[in-house]
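See below for the structure under consideration.
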Number of protein chains: 2
Amino acid sequence: MEGMTEECTAREVLDRVGGKWSIAIIVAAAQGPVRFTELERSIDGISRRMLALTLRNLERDGLLTRTVYPTVPPKVEYVATDLAREIYDALVTLTTWAERHRAEIAAARAAYDRRAAS
Amino acid sequence: MEGMTEECTAREVLDRVGGKWSIAIIVAAAQGPVRFTELERSIDGISRRMLALTLRNLERDGLLTRTVYPTVPPKVEYVATDLAREIYDALVTLTTWAERHRAEIAAARAAYDRRAAS
DNA sequence: CCGCATCCGGGAAGATACTG
DNA sequence: CAGTATCTTCCCGGATGCGG
């Protein structure tokens with residue numbers, strides 16, 4: 001449809017896992033089945049709306065499996081697919097990296113901003 | 001400043017690397033020094049504005065080093081820092097993954113949409 | 001050649017309230 | 001419990017033009 005070349009594969013990655021909350025959800029759902037409210041509580045700052053939307057998109061792309069148990073009260077479980085599990089390590093690498101270099105990056109940013117305020 | 005917990009590290013990754021063009025730029029600049037126009041040509045679809053903005057942000061976070069050669073015409077080279085190189089493999093993994101499963105994901109999406117159109 | 005300034009539209013995402 | 005619906009706000013990102 002578009003005149004896009006191969007360059008946009010990086011773009012495609014982010015279309016799947018680049019959402020604001022996708023990584024956190026995938027990592028959580030890769031450890032085992034998780035429920036909606038469980039995710040809502042464990043992912044700090046996420047809104048009910050964004051959780052629902054992100055879950056839908058991840059399910060749509062085949063990264064998450066949604067299972068509904070017709071019980072009362074209703075119960076829905078999400079679990080990462082094999083496809084999603086393939087990038088689990090990479091996602092953890094990125095998360096760990098961000099965590100370990102948080103201070104370093106903040107310092108670089110502060111230094112840059114200080115120079116810009118000249 | 002914030003009351004954010006540890007949960008948002010995934011968020012932080014994307015703040016650095018989750019820009020629309022960040023991955024493509026980091027991967028390109030990890031192979032060796034690249035010039036502005038060079039990036040503009042090699043990254044399909046990027047605008048001059050977004051290239052400049054993304055380069056600035058990556059430099060600000062200490063992921064890219066910017067070197068200006070005071071020549072005529074001016075010459076500016078960008079190269080990935082050691083910090084950015086640490087996630088190079090993970091980024092390549094994600095890119096490769098997206099490329100290999102492109103069809104699979106598209107199919108999952110199509111199937112999902114077909115069911116939704118019921 | 002390498003950017004920055006400005007204008008502007010569209011989608012992302014928060015707040016809030018309501019349902020099966 | 002597991003979502004929808006609506007409304008609003010914000011900022012990403014494209015287009016264009018200027019400047020060192």
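Given the structure is predicted, the values throughout are model-derived calculations rather than measurements. The chains referred to below are lettered A, B, ... by the order of the sequence lines, with proteins before strands, and numbering in each begins at 1.
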- Could you verify whether a donor N or O on one side chain and an acceptor N or O on the other, from A:Y78 and A:E38, lie under 3.5 Å apart? no
- Note on the structure: A:A52 has its side chain closest, among D:dT4, C:dG3, C:dC1, to D:dT4
- Task: Let me know, please, whether A:P74 or A:G45 comes out on the 5' side of the other along DNA chain C by nearest nucleotide.
- Result: A:G45
- Query: At under 4.0 Å between heavy atoms, what does A:R35 touch on the DNA or RNA strands: base, sugar-phosphate, or nothing?
  - Reply: sugar-phosphate
- Selected nucleotide, minimal atom distance to A:V76 side chain, candidates D:dG20, C:dA15, D:dG3: D:dG3
- Query: Roughly how many Å is it from CZ in B:F36 to C1' in D:dG19, rounded to a whole number?
  - Reply: 14 Å
- Query: Where the side chain of B:R49 is concerned, which of C:dG3, D:dC1, C:dT6 is the nearest nucleotide?
  - Reply: C:dT6
- To the nearest Å, give me how far apart CD1 (B:I46) and P (D:dG13) are. 10 Å
- Query: Could you state the CG-C1' distance from A:L51 to C:dA12, rounded to the nearest angstrom?
  - Reply: 16 Å
- Query: Is it true that atom CZ of A:R85 has more than 12 heavy atoms of other residues, nucleotides or ligands lying nearer than 6.0 Å?
  - Reply: yes
- Look at B:R56 together with B:E59 and state whether they make a salt bridge at an N to O cut-off of under 4.0 Å. yes
- Query: Please give, in whole Å, the distance from C:dC1 P to B:R41 CZ?
  - Reply: 8 Å
- Query: D:dG3, C:dG3, C:dA13: which one has an atom nearest the side-chain heavy atoms of B:Y78?
  - Reply: C:dG3
- Query: Do any side-chain nitrogens or oxygens of B:S47 fall under 4.0 Å of OP1 or OP2 in D:dG13?
  - Reply: no
- Message: Using whole Å, what does the distance between atom P of nucleotide C:dA15 and atom CZ of A:R48 come to?
- Response: 13 Å
- Message: If I take atom CD1 in residue B:I43 and atom P in nucleotide D:dG14, what distance separates them, rounded to the nearest angstrom?
- Response: 12 Å
- Among D:dG14, D:dG3, C:dG14, the one nearest A:R56 by side-chain distance: D:dG3
- Task: Round to a whole Å and report the spacing from CE of B:M50 to P of C:dA5.
- Result: 15 Å
- Query: Any donor-acceptor pair under 3.5 Å linking the side chain of B:R66 with the backbone of B:V76?
  - Reply: no
Under 3.5 Å, sequence neighbours excluded: what are the donor-acceptor pairs made by side chains of residues 90-97 of chain A?
residue : atom : partner : partner atom : Å
A:T93   : OG1  : A:D89   : O            : 2.9
A:T95   : OG1  : A:L91   : O            : 2.8
A:T96   : OG1  : A:V92   : O            : 2.8
A:W97   : NE1  : B:L83   : O            : 3.1

- Note on the structure: Taken to the nearest whole Å, NZ/B:K20 to C1'/D:dG14 is 8 Å
- Item | Out of D:dG20, D:dA2, C:dG3, whichever nucleotide has its closest atom nearest the side chain of A:R66 | D:dA2
